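For reference, the structure discussed in these notes is given below.
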Amino acid sequence: MWTFFLWNFAALAAAIYCITKAVIDLRGRRHVWGIVGLISAGVFLLTPIETRAVKIDLPAAQP
């Protein structure tokens with residue numbers, strides 16, 4: 001369970017870094033790098049994190 005929180009914290013920290021770097025780049029008129037930073041933050045924030053795995057056994061097909 002603690003690894004779940006560790007990965008969530010790591011993803012949130014990386015997203016905050018990307019947003020901060022993107023704002024600095026956009027203010028410095030480096031628009032391409034600013035957009036890349038915002039896209040990177042979006043990837044970190046929108047990636048689904050599996051909290052619980054569910055296994056479903058389907059019946060085998062009858063020949």
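Owing to the predicted nature of the structure, the values given are computational and were not obtained by experimental measurement.
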Could you pull out all donor-acceptor pairs under 3.5 Å where a side-chain atom in residues 10-27 meets a protein atom, sequence neighbours excluded?
unit_1, atom_1, unit_2, atom_2, d
T20, OG1, I16, O, 2.8
D25, OD1, R30, NE, 3.3
D25, OD1, R30, NH2, 3.2

Legend entry - L45 side, atom CG; L38 side, atom CG - distance, nearest 0.5 Å: 10.5 Å

Inset, instruction - Quick one: pull up CZ in F9 and CZ in F4 and give me the separation to the nearest 0.5 Å. - result: 14.5 Å

